[in-house]
Visitor: 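Input: one structure, supplied below.
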Amino acid sequence: METIQKFKEYLEDTKIILITTHQQPDADGIGSQIALTHALQSIGKKVVCVNEEKLTKRHQYLDLNEIIIPYNKYMRSDAPKEFDLFIVVDTNTTDRIGTNMKKLSIKSNRILFIDHHPCPKEVISLHCIDINKCATGEIIGKLIEGLGIAFTKQMALPLYSSILVDSSSFRYPKVSSGTHRLVASLMETGEIRPSWAYNQICGTKKISHIQLLGRVLSTAQTDRDGVIAWITMSEEELKKFKVDQDETNAFINHLLILDHIQIACMFREQGDYVKVSFRSATNIDVGTMAHALGGGGHDHSAATIIKGNLQSVVKRTIFQLTVMMK
Ligand SMILES: [Mn+2]
């Protein structure tokens, strides 16, 4: 069944809807929640938007009207506690939405995942999942259009930010003409200022961030053929520059401008473990590779966590990637 058709089936006979997303949400999860809330409210649904935790400071610009309520505040409010439909965006398992939210999901008659992460085809057939979309925000945009609802200013920045962040500023292979058409419709609301929107996500760094980036980039190496490139970061360096680990997630993208690059890797020390991130610069599916190494993700962007020290994990992983690429 087509995604929009399926969505309409799920909406049938529903009055009260809850929308949530995964823990430590990014702009894709948050933007999708906010835009979908506005859209469903405009067709007369009672919608509550609840997350396990409150939004981090850096994401608050997306939710100036405080549509997303943290679980604790929600429980103290008089908002409905039972629902006809429980929607989870940007993940396809209730294991990632937080313990309290997971318990809450049991109280709903129906549960629907709207997502773009790879999962078994049975899950795809039951939910609104399209793994060919670069962002959940893109799926939400299509669903809103499919319901015949016009984009409003309130939906524009959240959806634009969803797509901007998950496509890594329109550079991933899943960006399509459809993505750009959707972005054009969002811009026609008059609400989007691209440089401002970009800077809210990527342009808020401190000088220590640039200094750490410089240090980490100076560790860059490639294999003999120059098709695999990697950088490493020790915990000590992270502490020295007082930068949060998740602020360093995008460091890896700098490797993608290398000539001949096929796979970029970043190794970050975390206690007795090393977090390994992968990016594909071609059609090589790093999601499957990460899965083989105990992790998972998209085909162009994936990660895993491996026990061991930085040096040995780098050596082992680069060898394993080389074998998998042959
Ligand atoms: Mn996403």
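When a ligand or atom number is given, it counts from 1 through the structure's own listing order.
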Visitor: Would you say K8 has more than 12 foreign heavy atoms packed within less than 6.0 Å of its NZ?
Guide: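 Counting neighbours around NZ of K8, more than 12 heavy atoms of other residues, nucleotides or ligands fall under 6.0 Å, so yes.
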Visitor: If the condition is side chain to side chain donor-acceptor pair (under 3.5 Å), which residues does T248 pass it with, not counting sequence neighbours?
Guide: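 In terms of side chain to side chain donor-acceptor pair (under 3.5 Å), with neighbours along the sequence ignored, T248 is linked to R268.
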Visitor: Could you check T94, T91, V89 and say which one makes a side-chain contact (heavy atoms from CB on, under 4.5 Å) with F113?
Guide: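 That would be T94.
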Visitor: Report, as yes or no, whether the 6.0 Å neighbourhood of atom OH on Y273 holds more than 12 heavy atoms from other residues, nucleotides or ligands.
Guide: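 12 or below, so no.
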Visitor: Any donor and acceptor pair, going by atom type alone, linking the side chain of S167 with main-chain N or O of C134 inside 3.5 Å?
Guide: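 No, because the side chain of S167 does not come within donor-acceptor range (under 3.5 Å) of the backbone of C134.
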Visitor: Count up the protein N, O or S atoms sitting under 2.8 Å from the Mn ion (ligand 1), would you?
Guide: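 Excluding waters, the total comes to 4.
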Visitor: In terms of hydrophobic clustering (I, L, V, M, F, W, Y; side-chain heavy atoms under 4.5 Å; direct or indirect links), are L112 and L18 co-clustered?
Guide: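 They do not share one cluster, since no chain of ILVMFWY contacts under 4.5 Å joins L112 to L18.
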